[in-house]
Undergrad: 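Pasting a structure below so you can have a look.
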Amino acid sequence: MSDEVAFAAFVRAHSRTLFGTAYLLTGRGDAAEELLQDTLAALYPKWDRVAAADAPLAYVRRALSNRFVSGTRRPAARELGFWELPDSAAPGDLAEAIAERRWLWQVLGGLPERQRAALVLRFFHDLDDDEIANHLDCRTGTVRSLISRGLASIREDAALPTQIGGGRR
Amino acid sequence: MSDLETVLRSTLNEAERTAPAPHDLAERLIANTLTPRRGAPHVVTLHGRRAARRWLPPLLVAALIIAIVTAGLIVRVSLSSDRPANKHSKPPPPQVQSPTNFFSTDVYFSDADHGWAIGDGCEPGRSGCLTILYTSDGARTWRAIPAPPVGLSATECRQTGDESAGPNPKPCVSLVVFADEENGYAWGYRTFFWTNNGGRTWQRDSSYPLAVQVVGRNVLRVVTSGKQVGPAVLQVAKVGTANWRTVSPDSGSSAEISTITSRGNVAYYLATKFPSLRSALYRSADAGETWTKVNAAPCGTRETLAVDPAVDGSLAATCYGGANATIRISTDGGRTFGADVIAPGTRKTTQSQLAPELLPVSSKVWLERVNDRQPTAGWNYRRTTDGGRTWQLIDQDVAIMDPFSWTMFDAKNGYRSNYDPRPTSDAAVLFTHDGGKTWVRVGNFTR
């Protein structure tokens, strides 16, 4: 199979998954697409290496995370706000959307990129410290520190009286 | 695991699940990556794409200006030629070709006959085909009227309205309200258009609307300074004018989440503070001109999600928090509310609880809809005629992404509509003629 065919098949199979990760990292649909596009464009010339990886999806996700924390996307990440979260909430979910998701999403958007990426990789992708360290090109101890400081920042920001239990303790 | 970690995990999962992926994302990624290789020695860079984007908006603006000027000349010629015949005669309703495919994002009926639907007249997500349809025969037939010029599709606007945020926001609309055949309003995040000539021309102002409601011969809107959560003010204008007047009843201590509901000339303004989520209820009996605070906390220490006026003048509050979402009824204009009635289909989840959307017909007859099959999308519709003691399931597992407007015109007649851009959805407009007991699909205009 040519690189071109293999690349297209991979993108068709995994674009939605990768877009989801990019969206969690950047917080914006357009920024997520650009991050993903840039990552794929950078990887394509050496696609044979991607295809030969044990887990090509993890390989690309690692490149995606790395590109995000590299700092080149800092301005977009800083544009995060309440309203970057897609509003799929039904009316019945309003309180949850307001009290938890929007608030937490905003706090996440205000975290440094590396803390945010570490939290996404831990709490969305369920990666362990070693895997996160591999994704972010850092030491395991740094990962623990990033997650710990990220959670602490959220707790410190938890001004809501009852919404986030962890932030009240 | 701490509560925070649980909520964080849930928030990330929900955000990822609802991430606004463009429908042709994969093909675009492939094309953007592969195409330049065929004619160029290297992969196209992000910088290159951005350069193209910088040029595109000015070109589109120029084309738009030319189109508007041309259309304006045509309209002026048309109106001028009409006047000599009969200066009182109204020009024929504007009409453009109706699309064969239509994906609605909102439907609004001013009465049982006259309705408007806004959406995309092409596949969801494609820009440039915003369409407004109008019916004067109760949704049996629809015709298209001119829509405002916007930069995003209606479905994209509804799903990812925040895409228009940032330094270069694109105008986008996905919601519509018309007072009558001439005077209408279309809005979305950071965008508000109005017409006083049935859509022949649309004017835009710079407000950021949260809610728009026609009340009698007035139109009310809640606007912010740019954020949807942030100080919001209530404004009123006569239908057909743009003379907006701020009438916020909370004078300065601006609410941050607000809703307007109305029936006839009576309107209710529910103003909720963030993050305390304490709500105050205001009432106007003169179509929004003046307001009186009638209740400092309709649901007490719990959050008031909504207040909905019924046909008979009673008012239903939906309360959130605690073990179950509940319904409280007021028969004195919101000053006092009765005991809590547990809404069926609600249940407490790990992070929150499900709450129903309520349509009260009277103080005893209520309709409820709730997606209590989450996470699978299946909306259940129930009805009670005894104030919530017993409920009848009237529609089960309606496969839609999100129900939107529903209204009772009187004790018997009303409509409901659904939103879902998926081809296999059950999006439709339905009418009831027996107080919500049975519903008839009037027309599946969405496909």
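To find a chain, count down the sequence lines: A is the first, B the second, and so on, and within it residues start at 1. Since the model is a prediction, treat every value here as computed from it, not as a measurement.
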Undergrad: When rounded to the nearest 0.5 angstrom, what is the spacing between CD in A:Glu4 and OG1 in B:Thr33?
TA: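 Between atom CD of A:Glu4 and atom OG1 of B:Thr33 there are 10.5 Å.
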Undergrad: Could you tell me the separation between the CZ atom of B:Arg28 and the CD atom of A:Gln37, rounded to the nearest 0.5 Å?
TA: 9.0 Å
Undergrad: Indicate yes or no: at least one non-hydrogen side-chain atom of B:Leu25 is less than 4.5 angstrom from one of A:Glu33.
TA: yes
Undergrad: To check you understand the geometry: which heavy-atom pair defines the closest contact between A:Arg122 and B:Arg9, and what is its length?
TA: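 That would be O-NH1, 4.1 Å.
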Undergrad: Roughly how far, to the nearest 0.5 Å, is CG of A:Leu36 from CG of B:Leu29?
TA: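 Reported to 0.5 Å precision, the distance equals 5.0 Å.
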Undergrad: Around atom CZ of A:Arg49, are there more than 12 heavy atoms from other residues, nucleotides or ligands closer than 6.0 Å?
TA: no
Undergrad: Would you mind checking which part of A:Val107 comes under 4.5 Å of any heavy atom in chain B, side chain (CB onward), backbone (N, CA, C, O), both or neither?
TA: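 Contact with chain B involves no heavy atom of A:Val107 at all.
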Undergrad: Enter the distance from A:Phe123:CZ to B:Leu8:CG here, rounded to the nearest 0.5 Å.
TA: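 Here the rounded value is 5.5 Å.
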Undergrad: Can a donor-acceptor pair be found between the side chains of A:Thr21 and B:Glu16 at a distance below 3.5 Å?
TA: no
Undergrad: For A:Leu119, which atoms come within 4.5 Å of any heavy atom of chain B: side chain, backbone, both, or neither?
TA: both
Undergrad: Where is the tightest heavy-atom contact between B:Ile30 and A:Ala8, given as atom of each residue plus distance?
TA: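 Smallest heavy-atom distance, with atoms named: CD1-O, 3.6 Å.
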Undergrad: Decide yes or no on side chain to side chain contact (heavy atoms under 4.5 Å, CB included) for B:Leu12 and A:Leu108, but give the supporting numbers first.
TA: CA-CA 10 Å; B:Leu12 291 171; A:Leu108 280 170; 3.9 Å; yes
Undergrad: Name the region of A:Leu151, side chain, backbone, both or neither, that has any atom closer than 4.5 Å to a heavy atom of chain B.
TA: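 Both backbone and side chain.
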